[in-house]
Protein chains: 2
Amino acid sequence: MPDSPGDTILIPTKERLFLSAAELFSKNGYNGVSVRDICRSVGIKESSFYNHYPSKDALLEEVYRRFTDGMNSNTPSEELVDQLVRTTDPIEFWLSSYRRYYKNSVSTLEGLLWRIISMEQYRDPRAGEAILKETERTLSLGTLIFSKMIEHKKIPPHDPETLAHEFFYAGRAIHLEYLVLSAYGWDTAEVEMRSEEHIRFFVGKIVLMEA
Amino acid sequence: MPDSPGDTILIPTKERLFLSAAELFSKNGYNGVSVRDICRSVGIKESSFYNHYPSKDALLEEVYRRFTDGMNSNTPSEELVDQLVRTTDPIEFWLSSYRRYYKNSVSTLEGLLWRIISMEQYRDPRAGEAILKETERTLSLGTLIFSKMIEHKKIPPHDPETLAHEFFYAGRAIHLEYLVLSAYGWDTAEVEMRSEEHIRFFVGKIVLMEA
DNA sequence: GTCTATATGGTGATAGAC
DNA sequence: GTCTATCACCATATAGAC
């Protein structure tokens, strides 16, 4: 009964190698992890590794690929954005988005991938490109959201792209600080507060602002 | 005449080792550079390295130390801030500060150190701490500057700490993007424009608004 | 402070038996 | 797909002559 529900799901060795590699890379950086380390944590010999991946670099390639794929598939449709914006208060909208984002960034595979890529972005152009692409994706999505907020008269009219830049670049920097703090189990309460203050200040000011 | 001006200045081997190490670390990361690499670029044998530093890690320690020392000594006095704020238009003040900052970040030793620490911040708590300390220093300085601007009626009254957070976190994220682009010689014109737009929008639209 | 020589162990990767 | 065995090289670091 290979497809019966309830069967033990065996994670294939290749996937376990990738997940262990991502975990280790995110803690020690790509160059701080050996193929030995990865195989030891999975429980196979190093020679077996090469039955699944042609090289250590192929793991990093897959980090970049999965990160980019994940980001693209996480982008909500214009219809969904429209509906969310129509039915939610702008401050509540951003507060709940950011809370979800913060939680995901330390509990999901994508959070791991983000941290790996952050570390490698200065020395590996593939990582640099992935980060830049993701930034543009975020800013585009933000531009769309602010457009919709203006369209539905949730906020007064302003250039939505400028609003997105202001809002997301600050949000990015605060989130990066959060990631460093969480990496060492340090207290994140203050930086989480700063993130919420950022939302309240920015959206609050915009709403008050005359065009 | 050992102290005569015009004498050829010999840079001591220890300093040449440190400068080469910083250069290489900033390109390939600490774990991507060997003591061999550093010694080759300086022109000595690896064994001689240990006459100057007890270990490879000691180089990284010095990166952190010089970074922290440099940041502390770069902090302007309250008097200087007061004078600059009194004699300069707020937008011009920030535009010229940022232009200098961007230029320094790709042409000075401190720029190198910043990039090294950025890379190591997720895996080495000493780097994480250095980054966090530097962020707090920047935000404190920003708070002081906005206080002075309010005091001298250059901008309307607002909570200066909130202004500093909003302004500097966004500035930080834009600058990080600039660093990635410059790392690979990619075009930085657009991100430089974004930095200036950030200043103009923030100071022009948000700060100059009535409280 | 430099060098040659060496210690000791880690590195990514391959050959070939089962 | 797994294993044992092995390769050629690289890593940090030390000993001791000059």
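In what follows, chains carry the letters A, B, and so on, assigned in the order in which the sequence lines appear, proteins first and then strands, with residues in each chain numbered from 1.
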How many whole angstroms separate atom [atom1] of [X] from atom [atom2] of [N]?
| X | N | atom1 | atom2 | answer |
| --- | --- | --- | --- | --- |
| B:Phe49 | D:dT12 | CZ | C1' | 10 Å |
| A:Tyr50 | C:dG16 | OH | C1' | 17 Å |
| A:Arg16 | D:dG1 | CZ | C1' | 13 Å |
| A:Leu17 | C:dG12 | CG | P | 13 Å |
| A:Glu46 | C:dG9 | CD | C1' | 13 Å |

Those residues that, when tested against B:Glu79, pass side-chain contact (heavy atoms from CB on, under 4.5 Å) (two or more places apart):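 Scan of B:Glu79 (side-chain contact (heavy atoms from CB on, under 4.5 Å), adjacent residues dropped) gives B:Ser77.
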Taking only N and O in the side chain of B:Ser48, is any of them less than 4.0 Å away from OP1 or OP2 of C:dC3?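 True: B:Ser48 side-chain N/O within range (under 4.0 Å) of C:dC3 OP1/OP2.
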Using a strict 4.0 Å threshold on nitrogen-to-oxygen distance, state whether A:Glu61 and A:Arg126 make a salt bridge.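 A salt bridge links A:Glu61 with A:Arg126.
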Before accepting this row, confirm whether a basic side-chain N of the pair A:Glu136/A:Lys133 lies closer than 4.0 Å to the acidic partner's carboxylate O.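 The answer is no: the pair does not qualify as a salt bridge.
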Could you please spell out the steps behind the ring-ring contact (aromatic ring centres under 6.0 Å, His included) verdict for A:Tyr169 and B:His198? CA-CA 10 Å; A:Tyr169 274 122; B:His198 161 57; 8.5 Å; no
Residues touching DNA chain C, which here means a heavy atom under 4.0 Å, drawn from residues 30-45 of chain B: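 Close to the strand are B:Ile44, B:Lys45.
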Looking at every heavy atom in both B:Leu84 and B:Thr88, which two are closest together, and how far apart are they?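 In this case the closest contact between B:Leu84 and B:Thr88 is O-OG1, 2.6 Å.
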Step through it carefully: locate the ring centre of B:Trp94, locate the ring centre of B:Phe146, and say whether they are under 6.0 Å apart.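 Yes: the rings meet the under 6.0 Å criterion.
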Would the base of D:dC3 count as contacting A:Ser47 through its side chain, where contact means a donor and an acceptor less than 3.5 Å apart?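 Yes.
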